[in-house]
There are 2 protein chains.
Amino acid sequence: MSQNKEITIYDIAKSLNISPATVSRGLKDHPAINKDTKKKIIDAAQKMGYRHNTFASNLRRQRTNILGVIVPRLNSSFTSDVIAGMEKTANEAGFNLVISQSLETMKKEVANANTMFNNRVDGLLVSLAYDTTDIQHLENFINKNIPVIFFDRVYDHEKCPSIKIDNYKAAYEITAHLISQGCKKIAHITGNQLRNVYQDRFNGYKQALADHAIPLNEKHVFINDLSGKAGAETAEKILYMNDRPDGVFSANDTCAINCMQVLMKNGISIPQDIAFAGFNNDPTSTIIEPNLTSVNYKGFEMGEVAARILIGHLNNNYDLQLTHTLMLRHELIMRDSSLRK
Amino acid sequence: MSQNKEITIYDIAKSLNISPATVSRGLKDHPAINKDTKKKIIDAAQKMGYRHNTFASNLRRQRTNILGVIVPRLNSSFTSDVIAGMEKTANEAGFNLVISQSLETMKKEVANANTMFNNRVDGLLVSLAYDTTDIQHLENFINKNIPVIFFDRVYDHEKCPSIKIDNYKAAYEITAHLISQGCKKIAHITGNQLRNVYQDRFNGYKQALADHAIPLNEKHVFINDLSGKAGAETAEKILYMNDRPDGVFSANDTCAINCMQVLMKNGISIPQDIAFAGFNNDPTSTIIEPNLTSVNYKGFEMGEVAARILIGHLNNNYDLQLTHTLMLRHELIMRDSSLRK
DNA sequence: CTGTTAGCGCATTCAA
DNA sequence: TTGAATGCGCTAACAG
């Protein structure tokens with residue numbers, strides 16, 4: 001096994017007494033190529049230990065076969081599922097993923113987008129940071145017709161498809177569930193209303209209340225960063241309230257769980273005194289006692305779908321505009337934290 | 001802003017009436033370049049909207065500036081911390097990461113390694129799958145002098161540095177801690193002894209027992225895949241034992257937590273009846289009640305260090321052989337699950 | 001300090 | 001169905 005010398009199509013060509021162009025064609029699905037020639041080429045390539053040089057190919061074809069991914073953070077259960085799904089799909093289609101995290105700040109998101117731009121990714125998969133206000137930093141891509149696809153935390157833009165779940169409906173369902181369990185004063189913990197996921201969930205919550213003739217109590221709406229810390233702080237607030245809620249719907253599980261922990265430490269019974277529901281079906285939902293009712297949606301599948309749409313577009317198999325918004329399925333998982341009956 | 005035409009160094013050269021070579025140098029830290037010329041070049045590049053073409057550069061330099069990463073799975077708290085650390089370091093050094101997961105099987109690990117090889121990564125960062133028996137699939141790299149660095153789940157190979165923590169010592173400490181809390185019959189749950197992390201932890205446990213004159217009870221050693229399910233099954237076994245342990249040291253937190261849950265549901269008090277300790281300091285350690293004593297080690301830092309060593313080597317700043325094994329710090333975090341006094 | 005030149009490996013146009 | 005020729009954009013000798 002030679003250590004240093006890479007085999008090229010020229011080497012194969014020489015050994016077979018044919019032209020490099022033919023070898024290049026033989027290695028692909030080129031239509032105009034004799035079957036036998038093709039087989040000969042592939043066999044020789046195999047035997048000589050040829051490996052395709054992506055970079056030369058990229059340079060020549062003016063494509064990189066790289067998909068850029070920008071996520072708020074890599075180390076969350078949901079995100080890593082998404083990435084795993086993307087990796088699988090991309091891999092199968094011969095694409096590589098370059099992944100970066102915004103750490104929930106627009107500033108780093110902008111920097112990441114610029115790096116991706118310079119790296120000439122063929123397309124971009126984006127889930128927005130907590131505080132991103134606009135997508136100026138993605139205009140470079142859009143202007144150059146480099147496809148940008150949003151997932152989960154999306155942005156409404158004519159040229160960019162979105163893949164998400166029906167957050168409004170899920171929130172409606174989970175709120176209605178709490179009501180069906182006898183809750184009459186349901187608090188809501190949510191995040192920055194710039195992000196569709198939190199806005200939609202808030203709206204679903206409000207509509208469910210309205211439909212059941214329950215007035216919205218503004219004191220029972222908590223807007224924060226949905227961190228564990230924020231959950232604990234919310235619990236403190238609830239403890240000091242005259243008019244305590246008898247149910248809490250938190251827009252994510254982390255926040256719900258930390259809130260529950262503090263409440264329980266202070267003698268509140270869940271679900272008897274206060275019922276709880278979260279969102280995301282984090283693995284922690286089944287560790288907290290009582291187990292947390294939540295909304296499950298498949299990150300892995302979302303990753304697969306997002307990558308598939310992007311790759312399909314790049315391969316000109318179908319048009320981005322056709323899939324402007326894609327809604328994936330979700331499911332409500334009822335657990336002890338909300339079951340009072 | 002033109003949509004289609006990319007600016008090249010030739011365009012800049014022409015507009016400045018200098019040679020492309022000078023432009024190429026000006027854009028880098030080339031030593032032999034006039035300061036003013038450099039500034040002129042950088043300004044022009046900026047103004048003209050130049051972006052560096054990595055692929056042409058790669059082709060020419062015969063380097064890809066891509067680091068391959070193979071991990072057992074992306075969606076674990078520890079791994080995603082590691083990846084985040086690698087991403088940060090790589091990014092700062094102008095390298096990209098291509099990440100893939102073996103899903104804990106050697107078969108996929110082999111496939112991933114081959115893909116990486118064909119993608120011509122400049123170096124490889126690997127944490128081995130659960131059942132990997134040998135590293136034949138990495139010989140391609142080693143033969144070609146493409147550096148391979150192991151982290152966490154390492155393999156002893158003369159040419160491949162390893163980055164890990166002192167699993168032996170950590171396990172020794174945590175076992176000694178349980179003993180100090182009055183435990184006299186400490187069980188151990190561990191994984192495939194092919195993996196250094198589990199073997200070392202097992203050895204540390206055994207040595208701690210020996211040093212405290214506690215005989216090893218083989219019935220109290222459980223070898224499984226350390227999944228949550230395995231933890232629950234282990235709990236069932238413990239429940240049916242005549243001679244129940246009064247302490248459990250699990251080689252990871254997931255398994256410990258599921259085991260605790262089942263035991264508690266069956267009336268066992270923790271830590272009074274059975275004290276518990278895990279490993280990894282998973283976020284779930286502070287959600288389970290009582291909170292789980294565990295060993296903390298910084299995945300983010302491990303990722304940073306691994307990437308830094310690899311990049312340092314690639315840039316010929318230092319030699320791989322010098323850092324054959326690098327041991328990072330760990331810390332024992334004592335929580336209620338083990339504190340009986 | 002700067003310029004000239006050549007070629008990294010491939011895919012494609014055009015011609016045969 | 002195949003071949004010849006070209007250039008994608010850059011960098012590194014080498015020469016000045």
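First the proteins, then the strands, lettered A, B, ... as listed; each starts at 1.
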Worksheet item: If you measure only the distance, is there a donor-acceptor pair under 3.5 Å linking the side chains of A:Thr64 and A:Asp122?
Response: yes

Practice prompt. Name the nucleic acid region contacted by A:Thr8, choosing base, sugar-phosphate or nothing; use a 4.0 angstrom heavy-atom cut-off, strictly under.
Written response: sugar-phosphate

Worksheet item: For the residue pair A:Ala56 and B:Leu59, what are the closest heavy atoms and their distance?
Response: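 It is CB-CD1, 3.7 Å.
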
Worksheet item: Which heavy atom in B:Ile9 sits nearest to a heavy atom in B:Ser24, and how many Å separate them?
Response: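 The answer is CD1-CB, 4.3 Å.
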
Is the distance from OP1 or OP2 of [N] to the nearest side-chain N or O of [X] less than 4.0 Å?
{"X": "A:Ser57", "N": "C:dA11", "answer": "yes"}
{"X": "B:Gln62", "N": "D:dT11", "answer": "no"}
{"X": "B:Ser24", "N": "D:dC10", "answer": "no"}

Please state how far atom [atom1] in [X] lies from atom [atom2] in [N], giving the value in whole angstrom units.
{"X": "A:Asn53", "N": "C:dC8", "atom1": "CG", "atom2": "P", "answer": "11 Å"}
{"X": "A:Asn58", "N": "C:dC8", "atom1": "CG", "atom2": "P", "answer": "18 Å"}
{"X": "B:Leu27", "N": "D:dC10", "atom1": "CG", "atom2": "P", "answer": "8 Å"}
{"X": "A:Lys40", "N": "D:dT1", "atom1": "NZ", "atom2": "P", "answer": "14 Å"}
{"X": "A:Asp36", "N": "D:dT1", "atom1": "CG", "atom2": "P", "answer": "11 Å"}
{"X": "A:Phe55", "N": "D:dT11", "atom1": "CZ", "atom2": "P", "answer": "15 Å"}
{"X": "A:Arg61", "N": "C:dC8", "atom1": "CZ", "atom2": "P", "answer": "20 Å"}
{"X": "A:Arg63", "N": "C:dA11", "atom1": "CZ", "atom2": "C1'", "answer": "13 Å"}

Worksheet item: So which one's nearest nucleotide on DNA chain C is more toward 5', A:Lys28 or B:Leu59?
Response: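 With B:Leu59 and A:Lys28 compared, the 5'-side residue is B:Leu59.
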
Worksheet entry | A:Arg61: salt bridge (Lys or Arg N to Asp or Glu O under 4.0 Å) partners, not counting sequence neighbours |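 Partners of A:Arg61 under the salt bridge (Lys or Arg N to Asp or Glu O under 4.0 Å) test: none.
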
Item to complete: Using the ring of B:Phe117 (Phe, Tyr or Trp, six-membered ring only), decide whether A:Arg51 places NZ or CZ under 6.0 Å from its centre and within 45 degrees of its axis.
Response: yes

Worksheet item: Does a salt bridge link B:Asp152 with B:Lys164, judged by any charged N lying under 4.0 Å from a carboxylate O?
Response: no

Fill in: B:Asp43/B:Lys39 ion pair, N-O < 4.0 Å
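Salt bridge present between B:Asp43 and B:Lys39.
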
List, with names and distances, any nitrogen or oxygen atoms from the protein found under 3.5 Å away from nitrogen or oxygen atoms belonging to nucleotides 2-6 of chain D.
{"unit_1": "D:dT2", "atom_1": "OP1", "unit_2": "A:Thr37", "atom_2": "OG1", "d": "2.7"}
{"unit_1": "D:dT2", "atom_1": "OP2", "unit_2": "A:Asn34", "atom_2": "N", "d": "2.9"}
{"unit_1": "D:dG3", "atom_1": "OP2", "unit_2": "A:Ser19", "atom_2": "N", "d": "2.9"}
{"unit_1": "D:dG3", "atom_1": "OP2", "unit_2": "A:Ser19", "atom_2": "OG", "d": "3.1"}
{"unit_1": "D:dG3", "atom_1": "OP2", "unit_2": "A:Thr22", "atom_2": "OG1", "d": "2.3"}
{"unit_1": "D:dG3", "atom_1": "N7", "unit_2": "A:Arg25", "atom_2": "NH1", "d": "3.2"}
{"unit_1": "D:dG3", "atom_1": "O6", "unit_2": "A:Arg25", "atom_2": "NH2", "d": "2.6"}

Practice prompt. For a side-chain hydrogen bond (donor to acceptor under 3.5 Å, both in side chains) with A:Thr132, tell me which candidate from A:Glu109, A:His137, A:Arg195 qualifies.
Written response: A:Glu109

Discussion item. With rounding to the nearest 0.5 angstrom, report the CD1 to CE distance, A:Ile99 to A:Met116.
Written reply: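 So the CD1 of A:Ile99 and the CE of A:Met116 are separated by 8.5 Å.
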
Worksheet entry | Terminal axis angle for the helix from C:dC1-D:dG16 to C:dA16-D:dT1, five pairs an end, nearest 10 degrees | 30°

